[in-house]
Q: 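Take a look at the following structure, please.
Per chain, numbering begins at 1; letters A, B, ... match sequence-line order.
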Amino acid sequence: MWPTSWGRKQRSSATMITASLLLVLLLWLLTIPLALAPDPIGPNAQYFAEGTRVTVQLTVISGLAGILIGVLAALGKVSKFPPVRWIASGYIWVIRGTPLLVQVLFVFFALPVLVPALQMGDFASACVALSFNVGAYNAEAIRAGLLAVPKGQIEAARSLGLSPLFTFIDVTFPQAIKIALPPLVNNIVALLKDSSLAYAIGVVELTNVGNRVQAATFQPVPILMTSACIYLLLTTLMTQVSNAVERRFDVEGRQP
Amino acid sequence: MNVVQFPPAAAPATNPLITVDKVNKHFGSAHVLRDVTTYFDAGKVTVILGASGSGKSTLLRTLNRLEKHDSGTIIVDGIEVCDHLKELDALRSEVGMVFQQFNLFPHMTVLENVTLAPRRVRKTPRDQAEKQAMELLERVGLIAHAHKHPFALSGGQQQRVAIARALAMQPRVMLFDEPTSALDPEMVKEVLDVMKQLAASGMTMIVVTHEMGFAREVSDRVLFLDQGKVAQDAPPEQFFGAQQSERIRAFLGQIAG
């Protein structure tokens with residue numbers, strides 16, 4: 001796709017920038033092609049576009065928070081201090097062992113009853129539930145990455161006088177994240193689709209929009225197909241970005 | 001076994017750079033260092049020999065706390081080797097280490113490998129750190145490879161980068177843990193040449209190796225470890241010459257094989 005004279009870094013940057021621009025353009029201009037579609041999509045184009053934006057917002061916010069939570073929980077799980085390990089393991093155990101739908105409902109309905117200070121709107125509740133959910137799955141991916149970094153790397157960094165913090169930032173983490181990247185991407189793609197569960201607490205995202213339009217028009221086929229196509233478009237762009245990131249980390253040129 | 005006492009290799013200086021006093025170390029039930037007491041003088045090259053499992057790598061690794069010793073004291077350049085994090089980092093930036101498996105950082109270029117520690121620990125500005133790194137890479141003959149990643153280099157080249165990386169911290173002493181054992185025979189020489197050049201420049205070096213040629217030619221002193229004890233401490237001409245210990249003669253015979 002890119003000129004053959006370009007290096008690995010240039011190609012991967014070009015792909016990242018292009019895919020990100022396409023995503024922004026898509027969110028911005030999605031109304032135009034949808035408006036051209038026949039009834040029942042055309043008249044509701046604005047509505048679909050708005051739902052898509054909310055879906056992307058949920059995914060981006062929860063995705064970023066989820067990576068942060070994942071890193072912290074992974075560090076907790078490999079910590080030297082048993083209580084920290086127990087907390088991290090407990091968190092991962094609970095989140096992976098219960099349905100996401102229950103978690104979304106819990107944050108929105110049950111949490112404010114238990115802790116009145118944590119009363120949040122529907123969008124914020126969905127973000128919290130999704131962040132903590134994807135964070136637990138990310139934690140396992142990142143932990144696997146951390147454990148895969150050879151011990152000699154840490155010994156080399158420490159013997160150079162690097163502090164434990166810089167050893168982590170400069171040596172361990174970049175190598176761990178490279179190993180963890182494919183499963184992380186998997187989790188984020190799953191998150192994009194799972195964000196549809198925010199529908200249960202009334203967040204007007206893509207699936208919710210589809211449902212509402214369907215309830216008004218009784219035409220499930222075109223509506224569900226439109227929703228599916230938009231999800232597919234979003235995941236495709238996301239995969240392009242993540243492939244480019246993977247390529248960037250691939251200094252050895254092992255990817256075809 | 002009987003410890004054959006030669007006259008001290010070099011009369012212990014009044015103020016050695018490193019002193020090791022009654023150091024013990026266990027791995028589980030294995031007692032790998034037994035009351036090891038020795039010293040290392042500034043500007044000298046010491047080679048540590050011994051059979052596999054004799055504790056030579058462990059002794060080297062206790063000097064910069066990659067292994068904790070169970071008892072005894074180690075003092076490096078006035079700093080006691082202990083768990084205190086700040087002192088430990090100060091100690092480690094004075095002590096360079098070269099590993100058998102090179103342990104270069106694979107995600108960084110050669111230049112980034114060499115500049116990382118000076119920039120992070122010594123807070124050297126980037127351009128200055130890079131200038132120093134290029135001088136070091138020139139010394140080890142790898143200036144043309146500065147912008148490559150380690151995977152693109154041969155084992156011998158990687159080990160020379162690792163030496164340059166350790167030297168970039170301007171250490172007082174360099175530890176070598178079997179630096180040529182993972183190398184193809186034709187690459188051993190290029191690494192040994194760099195080490196000889198380093199020895200000639202007056203660097204304090206402690207080398208665990210099986211390269212008898214290097215020990216004979218370059219070292220000032222040979223320390224032979226057997227079952228976690230210093231079994232002999234002699235200058236190389238005595239160690240390789242009129243060797244009286246049966247055990248060591250057998251060892252040397254096997255190595256010369």
Side-chain angles (χ1 to χ4, degrees), chain A residues 5-13 71 75 79-81 141-142 144-182 184 242 244-256, chain B residues 57 60-61 63-67 85-110 112-123 147-153 158 161-162 164-171 173-177 182:
Chain A
S5 61
W6 286 16
R8 179 182 53 83
K9 271 193 180 174
Q10 282 167 307
R11 284 155 179 266
S12 102
S13 305
V71 171
L75 282 177
S79 165
K80 272 184 278 185
F81 305 105
I142 294 167
L146 288 174
L147 294 180
V149 176
K151 205 174 151 226
Q153 289 289 311
I154 296 155
E155 287 186 350
R158 299 287 289 125
S159 75
L160 283 165
L162 255 64
S163 64
L165 180 66
F166 278 133
T167 299
F168 179 74
I169 293 175
D170 291 319
V171 178
T172 320
F173 189 66
Q175 297 186 58
I177 209 76
K178 178 186 167 184
I179 299 165
L181 206 55
L184 278 181
S242 67
V245 175
E246 265 184 57
R247 218 153 275 256
R248 192 171 196 104
F249 278 111
D250 178 32
V251 293
E252 296 170 26
R254 279 163 59 168
Q255 294 208 18
Chain B
S57 281
L60 195 75
R61 288 164 58 88
L63 297 181
N64 69 347
R65 201 63 165 179
L66 287 183
E67 301 291 353
L85 204 56
K86 227 173 188 165
E87 282 180 30
L88 197 55
D89 287 343
L91 164 86
R92 282 172 169 161
S93 52
E94 298 287 315
V95 180
M97 178 116 186
V98 175
F99 300 86
Q100 184 177 355
Q101 299 296 340
F102 331 132
N103 294 347
L104 292 180
F105 307 132
H107 58 298
M108 297 182 182
T109 63
V110 165
E112 287 164 348
N113 263 280
V114 180
T115 52
L116 176 67
R119 289 179 57 201
R120 289 296 196 213
V121 182
R122 302 254 193 254
K123 310 284 175 208
H147 297 288
K148 292 184 183 172
H149 281 85
F151 79 94
L153 305 181
Q158 291 194 42
V161 173
R165 179 177 69 174
L167 288 175
M169 286 301 285
Q170 297 168 324
V173 50
M174 287 279 283
L175 311 179
F176 293 83
D177 189 4

Q: For A/Gln175 versus B/Pro106, what's the shortest heavy-atom pair and its separation?
A: OE1-CG, 3.4 Å
Q: Could you check whether any side-chain N or O of B/Asn64 sits under 3.5 Å from a backbone N or O of A/Ser159, counting only pairs where one atom can act as donor and the other as acceptor?
A: no
Q: Is it the side chain or the backbone of B/Pro118 that comes within 4.5 Å of chain A heavy atoms, both, or neither?
A: neither
Q: Mark yes when over 12 heavy atoms from residues, nucleotides or ligands other than B/Lys86 sit less than 6.0 Å from its NZ; otherwise mark no.
A: no
Q: Quick check for you: to the nearest 0.5 Å, what is the distance between A/Lys151 atom NZ and B/Gln101 atom CD?
A: 13.0 Å
Q: Does any heavy atom of chain A fall under 4.5 Å from the side chain of B/Phe151, the backbone, both, or neither of them?
A: side chain
Q: Output the distance between atom CE (B/Met169) and atom CG (A/Leu162), rounded to the nearest 0.5 Å.
A: 8.0 Å
Q: Would you check if B/Asp89 and A/Pro164 make a side-chain contact, meaning some heavy-atom pair closer than 4.5 Å?
A: yes
Q: Nearest 0.5 Å please: distance from the CG atom of A/Asp170 over to the CZ atom of B/Arg119.
A: 8.5 Å
Q: If you measure from CG on B/Asn103 to CG on A/Leu160, what distance do you get to the nearest 0.5 Å?
A: 10.0 Å
Q: Quick one: closest heavy-atom pair of A/Ala156 and B/Phe105, and the distance?
A: CB-CE2, 4.1 Å
Q: If you take all heavy atoms of A/Arg158 and B/Leu88, which pair is closest and at what distance?
A: NH2-CD2, 4.4 Å
Q: For B/Leu104 and A/Gln153, run side-chain contact (heavy atoms from CB on, under 4.5 Å): C-alpha distance rounded to whole Å, both residues' side-chain angles, the deciding distance at 0.1 Å, then the answer.
A: CA-CA 7 Å; B/Leu104 292 180; A/Gln153 289 289 311; 5.8 Å; no
Q: Can you tell me which portion of B/Val121 sits under 4.5 Å from chain A's heavy atoms? Options are side chain, backbone, both or neither.
A: side chain
Q: Of the backbone (N, CA, C, O) and the side chain (C-beta and beyond), which part of B/Arg61 lies under 4.5 Å from a heavy atom of chain A, both, or neither?
A: side chain
